[in-house]
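Written out below as structure tokens is the structure these notes cover.
Keep in mind the model is a prediction, meaning the values are calculated, not measured. Nothing fancy with the numbering, it's 1 onward along the sequence.
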Amino acid sequence: MKFPFFRFRTFQSRILFFSLVLLSVILLSSLFIIHFAYRQSAHQQIEANLDVAKRVFEQLIDAEALRLSESAFFLASDFSFKSVIATQDRKTILSALENLQGRIGADSVMLVSPQLKLRADTSHPRQTGEFFAPDVIQQAQIHGQSSSIVLLEGRPYQMVIVPILAPDVISWLCVNFKISEMLVEELQQLTRTDISLLQIWNPDQLALLTSTLTPRQSEALIKHFQGVAWHDSGSHALQLGKHSFISSVVDIASNDQVSIVAVLQRSLDQELEPFTRLQWLLLGVASVSLLFAMVGSLLVARSVSKPVKQLLSGVRQVARGQYDYRIAVRSADELGELGHAFNDMTLSKAQQEALRQAKESAESASQAKSEFLANMSHELRTPLNSILGYAQLLKRTELSPDEQLKSLHTIEQSGQHLLTLINEILDLSKIEAGQFQLLPVVFNLRQLLKTVEDTIYSHARNKQLQLVCEFADSTRVSVHSDQQRLSQILINLLDNAVKYTEEGRVVFIVESVNNRFRFMIEDTGIGIDQHDLESIFASFQQLHNPAQGFVEGTGLGLAISQRLVALLGGDLQVSSEPGCGSRFWFDLNLPVQAQESGEMASEASHNIVIALRGKQRKVLIADDKPDNRRLLIDWLQRFELELYEAENGRQCIDQILKLKPDLVLLDSKMPEMDGLDVSRAIRTNPELNSIAIIAVSANAFDEHRQRCLAAGANNFLAKPIQFDQLLHMIVLYTDLQPVYESDVNHSDVGPVNKDMQDVLPSTEQLQALLVCAQRGDIQAIRDQLHEFESTQLSRSEFILKLTTCAENFQINRICQILEHTLNTQENANERSESE
């Protein structure tokens, strides 16, 4: 059997229940004890009052007896009355007795002979004979006079016996006074006690003579005394109707047949009435107290259960592995100490877990570092092997111009690959540090897509893969975004597609979807397992192709691409099936700009400066590395610039003050005086403030670039230097006019550079090359270019440019150069004929 309180499942409900039960028991017990004590006190008070009422009752009877005795004694002493008694005439005696009765207000008067014979009785004139109370006469003989209550015809009477002396006792005079209702009421008023007179023959036969009770209470009193030992002098508890009484019995008169008793009773309810009112008041106070106790118990229960619930919740959180969970401790009691102990435990556990995670992280980082170093070692050594190998080959062997060009091209490509690796690592570190910034420009979207296509074309052709490019007409617009980063994303994705595809094709699709440009790359490669889809975007993660074995790369391409797409406002998504290929796609919102702006930006970004026109300008190259100075001098001297050099900051300031150059190529880190300090010194000198400064540094981070610009530099150029970018900056900060490769027209170029005097093939040769290029026959182009080696065209800048494009499989670029050259020749011929 289960007890009810086991149904309370919460600690709070049990505390509340037990608190209420305890308080209820205390309150009820207190009320019961107070009620019992007050009832006992009231009972004792009533008993004391009844004792007082008894004494008053007796005193009243005695006082009445004394009055009768004095009156009777006075008459008994009267000589004339004695003379009447002595006549022995019964009528005369009876008349004298009646006269006496009237004078003293008695109910009856009796004359008894010394022999205790009734001589006359005013209540029964004809009755004579034996006297019914000889013991009263005997008591009077002893004491001289006596007063007693006797029964006359079943009625209580106060009897006073006085002797008639002459000089001896010649008779006894008995004066009777009936105890009436008036006497009872007078006694009730004096003692405030209800009085009832009962005539009792036997325990089962009673009669009510008189009473101050109500008729119903009197009837209940008779029923109560039936069968009760009425002669017990103690107090009795009576229940008369709806009221409770305490009674005391007084034996007034009795003989062998009948007894008269006086029952003195006092109402217990009336005595308890003040306490009853107090009891109801206490009940009200108890109810309010119980209500407050309920609220207090609830608050106490909550104050106890809430920390317990928090502790239980904390245990569950810790069980789930959340060791950083803490309990809010707001008390200094045992529960508060328990909370502090729990927090100390979780802190210790959290520290242990942190140590474990740190250990695992360190081990994982160490493993990732080892894998990264192994990959980077391979990635760095491969292009370095080509660079150093071909450099030694060029140094020790005399090669033909074509072989030299191929060697230099390989060295350039290997260097570009090394630069790409370094840029990828720098980009990833800047993105993760939140320091990466986009540089949006206006560019022609179709032109960028064609450039990406040309870049990836040779890679796909080398693996004999089909590269399918589908660009919607909506891409023939100019847009505003970061051209370099978008190109980087597309090249990374296409390069991965080609890398992991052994046969089949790679599809590059760009279209408009919901007013956004969707870029999609599909391949028929090895595909990706579902469990690898979540990790392919992690840094230094590479897929392993069992058919290929080792796959080149650092594992940063997809990680950087995903982050760059997010920065551009898109989401790089992937779907793949192992053995069937993969699909990568993302949507970007590229704001469309005016077509002219896009064409100008595209043209400026692709045109190559081959000469500079205008007044010769002074350029100061300040770098502490001689090789860096020599490289810039060898490159820029082709453009007929007046070049000077300085090997430290202090020498740079002296040269500036002496030469007043137009432009300073200033390395940011130099001995004796930093490049930043040099910039500040130039800008604080009003005479030198017009000099343009281009800061050059191997620190390509944006924060260093901002420091250089803040120090006074006009622009920033990162090492390794892109010379086309350097030439565009020189044009920007001087009044020299650039001559672009696309604008080459030997009839109006004028004197550009002695080494740049070019000789072009004939129109027929150009058209033959264009037909091969349009067919995509790269081998035929190579063969025709090889035929020019034994002629004057072998040293032509034009032929060298075509040879470079052919080696890189840049078919589209070859078509553009040939078409532009033929158009230029046709325009020149038309102008000659018109002249």
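- Looking at heavy atoms from C-beta onward, V109 lies out of side-chain contact with N176 at the 4.5 angstrom threshold.
- The distance from atom NZ of K91 to atom CD of E98, rounded to the nearest 0.5 Å, is 12.0 Å.
- Looking at heavy atoms from C-beta onward, L94 lies in side-chain contact with T122 at the 4.5 angstrom threshold.
- With rounding to the nearest 0.5 Å, the separation of OG in S113 from CG in L118 is 8.5 Å.
- The distance from the CD1 atom of I164 to the CG atom of L173 is 5.0 Å, given to the nearest 0.5 Å.
- The two residues L111 and S171 make their nearest non-hydrogen contact at CD1-CB, 3.5 Å.
- For the atom pair CZ (R119) and CH2 (W172), the distance works out to 14.0 Å, reported to the nearest 0.5 Å.
- Residue G569 comes nearest to R516 through the heavy atom pair O-NH2, 3.4 Å, listed as atom of the first residue, atom of the second, then distance.
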